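Written below as C-alpha cells is the structure these notes are about.
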2 protein chains.
Amino acid sequence: MASQKIVKAVEALSALAHEGRLSVFRLLVRAGPDGLAAGDIARKLDVLPNTLSANLTVLATAGLVSSRRDGRSIIYKADYDRMAGLLNFLIEDCCNGDASICAPVAAVAAKAACC
Amino acid sequence: MASQKIVKAVEALSALAHEGRLSVFRLLVRAGPDGLAAGDIARKLDVLPNTLSANLTVLATAGLVSSRRDGRSIIYKADYDRMAGLLNFLIEDCCNGDASICAPVAAVAAKAACC
DNA sequence: TCCTTATTTCCAGAATTATCGAAATATATT
DNA sequence: AATATATTTCGATAATTCTGGAAATAAGGA
C-alpha cells in the first residue's frame, strides 16, 4: 500500500495538472487572502460556471483552495499552507547531503525567500 | 490560445500526478546526478519493466528526467533545472508584494536553501 | 410571493490515460 | 552465430476524466 503522503501529493498534483484549474489556482494565489468570488473567476477566465464549479471542487477536495459564502457569492481563496506542503514534498531530500547537486532548487528557494 | 508556459507546466504536473511516476521521480531525485538504470528502478519499486518504460517516457517527454545508454542499461536521472523551473512557476507572483501573505511558502524556501 | 442573480448538481457522451501480455530491438557474452 | 540480459514498442481492454446542457438550490430584492 502506498504511503498516505504520496497519495495526497498525487491528489494535489492531479488537481493542478489541468490548464483550467492551474489558471484558477494561480489567479487565486495572486488574488491573496481575500480571494475571489466564483463568478469573478468565471468572468476573468471566460469559463462556464458549471465547469468552473467542478474544477473548484477538485481544487478544494485536494485542499488547495477553501471557500466561504458571502451573500449570494461564494468566495474562494488559495491555501498557502497546502501549497507550501506540496512544494516541500517535491523537494524533500533532493539534496541528500550534497549542496552542489540541488543548486538550481536552492536558487528558486532564494527567490521565494525574497518576499 | 493558452500560454506556452502554462502548457509546459501542466505537462510536468500531469507527469508527476501519478503514484508510480511520482515515486520514480522522487527516487531519481534522491539518487542524484549519477541516476539509476531502468532495471534498478523496476526492481526497487517492484513494477513491470514495460509499465516503467512507459512512465519514464512520460517523465522524459515532460523534461523531468533524461537518459543515456550505458552498455545494455539505460540510465535515467532527474533534471534539477526543470524541477526548479516548475517550482518557480508555481510560486510565481505568490507574494504580490506582500511578504506576510506568502510566509508559509517562504518557510519552505528557507528549508530548501539550507543545503 | 415573484423575479433575478449566483452557484452547484446531475447526467451522458467524448476523450484521454493506464495497464499488461507478447513481440521486437539493442547490447553483451560465449 | 547463438544465447542471455535490458529495455522498448505494440495492441487491446479497462478505467478515469472532461465537458456542457439542463435542472436544482440558495440568497437577495421588488
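Keep in mind that the numbers below use all heavy atoms, side chains included, and drop hydrogens, waters and symmetry copies. Numbers restart at 1 for each chain; the letters A, B, ... are given by sequence-line order, proteins then strands. Fair warning: this is a prediction, and the values are worked out from it, not measured in the lab.
Between dA27(D), dG20(D), dT7(C), one nucleotide has an atom nearer to the side chain of Ser73(A) than all others, and that is dT7(C). Here the nucleotide nearest the side chain of Ala37(B), chosen from dT7(D), dT9(D), dT19(D), is dT7(D). Comparing dT9(D), dT8(C), dA18(C) by their nearest atom to the side chain of Arg21(B) picks out dA18(C). Comparing dT8(C), dA26(D), dT8(D) by their nearest atom to the side chain of Arg69(A) picks out dA26(D).
Between Leu22(A) and Ala9(B) the shortest heavy-atom distance is CD2-CB, 3.9 Å. Between Ser23(A) and Ile6(B), the shortest heavy-atom distance links the atoms OG-CD1, 3.2 Å.
The phosphate of dT19(D) (OP1 or OP2) has no side-chain N or O of Thr51(A) nearer than 4.0 angstrom. One finds no side-chain N or O of Tyr76(B) lying less than 4.0 angstrom from the OP1 or OP2 phosphate oxygen of dA6(D).
Summarising the geometry, the separation between NE2 on His18(B) and C1' on dT16(D) is reported as 12 Å, rounded to the nearest angstrom. As rounded to whole Å, 15 Å separates atom C1' of dT16(C) from atom CD of Glu19(A). The nearest whole Å value for the distance from the CG atom in Asn50(A) to the C1' atom in dT19(D) is 8 Å. Between the CD1 atom of Ile74(A) and the P atom of dA26(D) there is a distance of 11 Å, given to the nearest Å. Taking atom CG on Leu48(A) and atom P on dT7(C), their separation rounds to 14 Å, with Å as the unit. In this structure, the CG atom of Leu52(B) is 14 Å from the P atom of dA6(D), given to the nearest Å. In this entry the distance linking CG of Leu16(A) with P of dC18(D) reads 12 Å, nearest Å. Going from atom CG of Asn55(A) over to atom P of dT9(C) covers 13 Å, rounded to whole Å.
Where Ser14(A) and Gly71(A) each meet DNA chain D at their nearest nucleotide, the meeting point lying more 5' is that of Ser14(A). Along DNA chain D, the nucleotide closest to Thr57(B) and the one closest to Arg43(B) are compared, and the more 5′ of them pairs with Arg43(B).
Residues Leu90(A) and Val29(B) form no side-chain contact, since every pair of their non-hydrogen atoms from C-beta on lies 4.5 Å or further apart.
Formation of a donor-acceptor pair under 3.5 Å by the Arg43(B) side chain with backbone atoms of Leu45(B) is not found in this model.
Under a hydrophobic clustering in which Ile, Leu, Val, Met, Phe, Trp and Tyr are joined whenever their side-chain heavy atoms come within less than 4.5 Å, directly or via other members, Phe89(A) and Leu28(B) fall into the same cluster.
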